[in-house]
Amino acid sequence: MSDIDVKMTINGQEIEAKADPRTLLIHFLREDQNLTGAHIGCDTSHCGACTVDIDGKSVKSCTVFVGQANGSDITTIEGIAHPDGTLHAIQEAFRQNHGLQCGFCTPGMITRAYRLLQENPTPTETEIRYGISGNLCRCTGYQNIVKSIMAASRELSLKEAAE
Amino acid sequence: MIPGSFDYHRPSSIGDAIGLMSSLGDDAMIVAGGHSLIPMMKLRMALPEHLVDLQDVQSLKSISIENSQITLGAMVTQAELITSEELHEICPLLREAALQIADPQVRYVGTIGGNVANGDPANDMPAIMQTLNASFTLVGPNGERSVAARDFYQGAYYTTREDGEILSSIHLDAPTSGHGSAYEKQKRKIGDYATAAAAVVLTLSGGTCATASIGLTNLSETPLWAEEAASILVGSSLDRETIKAAAAAAKAITNPAEDGRGPIEFRKHVAGIMVERAIAKAHSRAR
Ligand SMILES: Cc1cc2nc3c(=O)[nH]c(=O)nc-3n(C[C@H](O)[C@H](O)[C@H](O)COP(=O)(O)OP(=O)(O)OC[C@H]3O[C@@H](n4cnc5c(N)ncnc54)[C@H](O)[C@@H]3O)c2cc1C
Ligand code: FES
Ligand code: FES
């Protein structure tokens, strides 16, 4: 079985690599690219801890082969904060609202919330709950995660209005 | 879990995809969204030597509506089905069903073609397509043919699609305007496959039911088109008694397996309830 050449943009940076086609994107990101932010929670496409943004879609990267992502534009949790290192409004809201306990689900939650708020900047609580229904959390009971996303939505709308 | 080894191919036209599938033979499989296939490959229940990825075949990606004829390209994702207002306008059952599949991440990449070609009795779209009397276009080295959704499924993971054939599109006529439809799915949690689910499309004429179609998900080795149950509704005022009789007729053709979703009797019981609820909801939506 022959290796393939892949080329993609990850967090704004173009990368090129050789990979075995059976490499899952999550393994490529974590082991080849040293981007260990996205986590492997279940490896069975259920928990959403491995969620990354591919060409404007939230995707479970444990269920994508590296070749399928060839040519795409990927944002992982490492690419969410601002270039100067200050936290993105969603990250700040999780911090302010106790939106995490152990933090294992958090990269997936934030990456998913990032896309959700672009598609629907002012979601209702119910829309948030359905919007993050592909992400499991074993700690928080979701209450503070929902609260954090609500707070981020308000913050981002205020910013938008100010601009 | 690391899947077995394979060679990866990404053709950019349907002609190239067909050529690859026939030259690579039995050991090649199509990958669309990969959200049924990759989990199977991790479990080594699927061991393709070659994967032919259809993501660059642009001709498989469009939704087209002409008059009331709907064509869905095989690579249209569930998310794209959900967001198409034009489609929702004339056939709301598609969005209603797609929203009950999996979760947002899976729906961004899972395709309609993969969902109907897969042959897993737990997939939701096959029963929807049977209810709507859709047909599937299959293309292969020997040309093109069309198979009715109601004739496509032969057993679990076993369909009339031949090795090397690609399902290119789905065709259906939108139900007549004023129709009512509903998809009722009982599941243990979001993202779960159905314990039992029922789709109903019906039309009314002066207070009586003029036409009806009922489909069932995950209640047998294949999706089920409940023809007799639907015929019980036709000509009635959709009163309580008739709905009960139709639900009983639908239940009678089910043959669910016992699994984590419950024992056989329970799943049949839930099937009856889903049918009753779907009829009532479709009725309330019909004009
Ligand atoms: C957590 C989770 C929950 C899910 N819940 C549900 C659910 O509730 N309901 C539901 O219906 N589904 C569910 N699914 C399955 C999901 O909807 C899949 O995306 C879908 O069944 C298959 O579509 P795909 O594009 O991913 O196909 P793939 O996985 O790429 O392919 C599936 C099969 O079809 C074949 N195939 C695909 N496209 C074609 C084609 N054009 N021509 C010929 N053969 C083709 C492939 O070779 C393969 O055998 C779930 C999946 C996950 C991971
Ligand atoms: S690790 Fe990918 S969904 Fe759980
Ligand atoms: S904070 Fe621990 S899993 Fe969500």
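Note on naming: letters A, B, ... go to the chains in the order of the sequence lines (proteins, then strands), and numbering restarts at 1 for each one.
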Student: Look at A:Arg115, A:Lys60, A:Gln68 and state which one has the largest set of heavy-atom pairs under 4.5 Å with chain B.
Tutor: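 Of the candidates given, the most pairs with chain B belong to A:Gln68.
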Student: Please determine whether side-chain contact (heavy atoms from CB on, under 4.5 Å) holds for the pair B:Val109 and A:Thr63, giving the CA-CA distance in whole Å, both sets of side-chain angles, and the decisive distance to 0.1 Å.
Tutor: CA-CA 10 Å; B:Val109 286; A:Thr63 318; over 6 Å; no
Student: At a heavy-atom separation under 4.5 Å, does A:Ser133 approach chain B through its side chain, its backbone, both, or neither?
Tutor: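 Interface part for A:Ser133: both.
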Student: Taking atom CZ as the centre, does B:Arg188 end up with more than 12 heavy-atom neighbours from other residues, nucleotides or ligands that are less than 6.0 angstrom away?
Tutor: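 Yes, enclosed.
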Student: I need the residue from A:Val64, A:Thr23, A:Asn70 with the largest number of non-hydrogen atom pairs under 4.5 Å to chain B.
Tutor: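 The option with the most such pairs is A:Asn70.
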Student: Where do B:Pro104 and A:Arg112 come nearest, in terms of heavy atoms and distance?
Tutor: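 Looks like CB-NH2, 3.5 Å.
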Student: Can you name the nearest heavy-atom pair linking B:Tyr108 to A:Glu119, along with the distance?
Tutor: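 Heavy atoms of B:Tyr108 and A:Glu119 come nearest at OH-OE2, 2.9 Å.
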Student: Any side-chain heavy-atom pair from A:Thr44 and B:Pro39 closer than 4.5 angstrom?
Tutor: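 A:Thr44 vs B:Pro39: side chains apart.
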Student: In terms of heavy-atom proximity below 4.5 Å to chain A, should B:Leu99 be classed as side chain, backbone, both, or neither?
Tutor: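 For B:Leu99, neither part sits under 4.5 Å from chain A.
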Student: Return the option, out of A:Ser58, A:Cys62, A:Gly48, with the maximum number of heavy-atom pairs under 4.5 Å with chain B.
Tutor: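 It is A:Ser58.
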Student: With a 4.5 Å limit on heavy-atom distance, are the side chains of A:His46 and B:Asp103 in contact?
Tutor: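 They are not in contact (no side-chain heavy atoms under 4.5 Å apart), so the answer is no.
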Student: Decide yes or no for B:Gln105 and A:Val59: does some side-chain heavy atom of the first lie under 4.5 Å from some side-chain heavy atom of the second?
Tutor: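 In short, these two side chains do not touch, never coming nearer than 4.5 Å.
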Student: Please tell me if the side chains of B:Tyr8 and A:Ser2 come closer than 4.5 Å, counting only heavy atoms from C-beta onward.
Tutor: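 When only atoms from C-beta onward are counted, A:Ser2 and B:Tyr8 do not touch, as no gap falls below 4.5 Å.
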Student: Side chain of A:Arg22, backbone of B:Pro3: donor and acceptor closer than 3.5 Å?
Tutor: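 Checked: pair present.
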Student: Pairs of donor and acceptor atoms involving the side chains of residues 28-37 of chain A, under 3.5 Å and at least two apart or interchain, shall be tabulated with distances.
Tutor:
residue: A:Arg30; atom: NH1; partner: A:Thr36; partner atom: O; Å: 3.0
residue: A:Arg30; atom: NH1; partner: A:Ala38; partner atom: O; Å: 2.8

Student: Might you work through the side-chain contact (heavy atoms from CB on, under 4.5 Å) test for A:Leu24 and B:Met1, ending with a clear yes or no?
Tutor: CA-CA 10 Å; A:Leu24 295 162; B:Met1 291 177 290; over 6 Å; no
Student: Count the heavy atoms belonging to other residues, nucleotides or ligands that lie under 6.0 Å from CZ of A:Arg95, then report whether that count exceeds 12.
Tutor: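 For A:Arg95, atom CZ is not crowded (no more than 12 foreign heavy atoms under 6.0 Å).
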Student: Apply side-chain contact (heavy atoms from CB on, under 4.5 Å) to the pair A:Phe65 and B:Asp53, showing each step before the final yes or no.
Tutor: CA-CA 10 Å; A:Phe65 288 121; B:Asp53 184 348; over 6 Å; no
Student: Is A:Phe104 atom CZ crowded by more than 12 heavy atoms from other residues, nucleotides or ligands, each under 6.0 Å away?
Tutor: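 Correct, the count exceeds 12.
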Student: How about B:Arg277: does its CZ atom have over 12 heavy atoms from other parts shown lying under 6.0 Å from it?
Tutor: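 Counting other residues, nucleotides and ligands, CZ of B:Arg277 stays at 12 neighbours or fewer.
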Student: From B:Ile38 CD1 over to A:Ser45 OG, what is the distance, rounded to the nearest 0.5 angstrom?
Tutor: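 It comes to 8.0 Å.
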Student: In terms of heavy-atom contacts, does CD of B:Glu221 have more than 12 from other residues, nucleotides or ligands at under 6.0 Å?
Tutor: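 Atom CD in B:Glu221 is not crowded, with 12 or fewer foreign heavy atoms closer than 6.0 Å.
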Student: Is there any residue in residues 3-19 of chain A with a non-hydrogen atom under 4.5 Å from a non-hydrogen atom of chain B, and which ones are they?
Tutor: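 Result: A:Ile4.
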